[in-house]
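Here's the structure, in structure tokens; my notes come after.
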Amino acid sequence: SSQGDYSLALAGLRGCVSQGDRCYVEPFFKDVEREVREEEDDLSAADSVVNEGIIFYNQKIQPIDSEYKEGREYILSEFVKEGSYGEVYSAQDVNTGFKFAVKKVSQKRFHSEEVGTWSALRSPRVVEFFGVVREGPNVFLLMSLKLGSLSQLIAERGRLPEDLSLHYHLQVLTALEYLAKKRVAHLDIKADNVLLSEDGRDTFLCDFGHAERLDNQGQNLKGSETHMAPEIVKGEPRGAKADVWSSCCMFLHMLSGCQPWTRYYTCRLYLKIANDPPPLREIPPNCSPLTSEVIKLGLQKDPAKRSSASDLKEKTARALKKGNSLHRSLVLVGTNLHLNV
Ligand SMILES: Oc1ccc(F)cc1Nc1nc(-c2ccncc2)cs1
């Protein structure tokens, strides 16, 4: 393929990949999902291990003779963290030395939605998806490696300054605005899935393991309990507004250092989230009125009354501007952002 478009870099590819705007590669991954399940019974196939996939980023990630095998073309190194449905490692391409992140998903838990939704997204606020390779009973998802996550920063700092929290919340709302335009719901917005740039100024949404396309109103429960929106726990149709609720739960997590509900309840939270008023009592008292207003609008229990990502983004930007002390916090986070990955 010519320079700049996404070439089908591995043998046996059936995905549709187009230049420019990324099409969904759903058809290919639905097959993989089915085939992997079929292969599950016949493990004798394991010795002639199937190796196929789609690599979007083949300047730095280079299959050799149309194969890209773990332990041969690329090496997994230290374990980074538990992602949704699989472990995340840092990895290096043997040929080019390029470092990236890999999530290894077992055959039982591969969700083609993670690739089908993510491969169609391209935004500075969404971590770049490099490709996916199936190797026998496992599927490996490749993405750009980031130093650390927002959850690590909150754990290290206890809580974040209000203006830095507003800055990160604004960036996540920008990502959600883009996802809503692409008709994708992430459904697991939380600090674990928001990665940071080296200087701590930029955030990147990752882990689309729970993501869904918005045109099909899936009913199965997804995402992390503390950040689940009322319509999700009640199994009602949900859309982009569920991500807005979760982003405000994450905003509370940044401001107070604790995930919402966890200081008041140790039991399963589904019923509390469905029946209790929104956790507005967890807004720190020293927050500015504009910041409190953003959280109140994002934690409306009725999704129809809840602000959209776009509306909430405008209000968040105003709250940030009014505070006008962001530069100090960014210098602070930049200098001592020594997250251990
Ligand atoms: O869904 C995925 C598909 C492919 C990946 F390589 C990773 C993930 N999921 C996550 N990755 C991280 C992470 C990555 C890199 N550095 C710190 C954290 C946190 S959740």
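Atoms within a ligand are numbered from 1 in the order they appear, just like the ligands themselves. The structure presented is a predicted model; accordingly, all values stated were derived computationally and were not measured.
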What atoms of ligand 1 come within less than 4.0 Å of a heavy atom belonging to Asp207? 1 (O), 9 (N), 10 (C), 20 (S)
Glu114 N/O to ligand 1 N/O under 3.5 Å: yes
Atoms in ligand 1 flagged as close to Val88, the criterion being non-hydrogen separation under 4.0 Å: 7 (C), 9 (N), 10 (C), 11 (N), 14 (C)
d(Ile295 CD1, Leu312 CG) to nearest 0.5 Å is 9.5 Å
Ignoring hydrogens, just give me the one of Phe204, Phe129, Trp118 whose non-hydrogen atom is nearest atom 3 (C) of ligand 1. Trp118
Stepwise, does the side chain to side chain donor-acceptor pair (under 3.5 Å) test hold for Ser151 with Ser149? CA-CA 5 Å; Ser151 57; Ser149 65; 2.9 Å; yes
Take Tyr265 and Asp276 through the side chain to side chain donor-acceptor pair (under 3.5 Å) test and state the conclusion after the steps. CA-CA 12 Å; Tyr265 301 115; Asp276 277 23; 2.3 Å; yes
Pairs of nitrogen or oxygen atoms closer than 3.5 Å, one from Ser144 and one from ligand 1: do any exist? no
Below 4.0 Å, non-hydrogen atoms only: which portion of Leu195 touches ligand 1? Side chain, backbone, both or neither. side chain
Where on Ala101 is there a heavy atom closer than 4.0 Å to ligand 1, on the side chain, on the backbone, on both, or on neither? both
Using a 4.0 Å heavy-atom cut-off, say whether Asn193 meets ligand 1 through its side chain, its backbone, both or neither. side chain
To the closest 0.5 Å, what do you measure between CG (Asp311) and CZ (Arg306)? 13.0 Å
Could you name the option among Val80, Leu205, Val105 that has the heavy atom nearest to atom 17 (C) of ligand 1? Val80
Which label fits Phe100 and Tyr74: parallel for a plane angle under 30°, tilted from 30 to 60°, or perpendicular past 60°? tilted
Please indicate whether Leu280 has more than 12 foreign heavy atoms, meaning atoms of other residues, nucleotides or ligands, lying under 6.0 Å from its CG. yes
Taking it one step at a time, do Tyr89 and Phe79 satisfy ring pair (Phe, Tyr, Trp, His ring centres under 6.0 Å)? CA-CA 4 Å; Tyr89 300 85; Phe79 173 81; 5.7 Å; yes
Ligand 1 atoms nearer than 4.0 angstrom to some heavy atom of Cys206 are 10 (C), 11 (N), 12 (C), 19 (C), 20 (S)
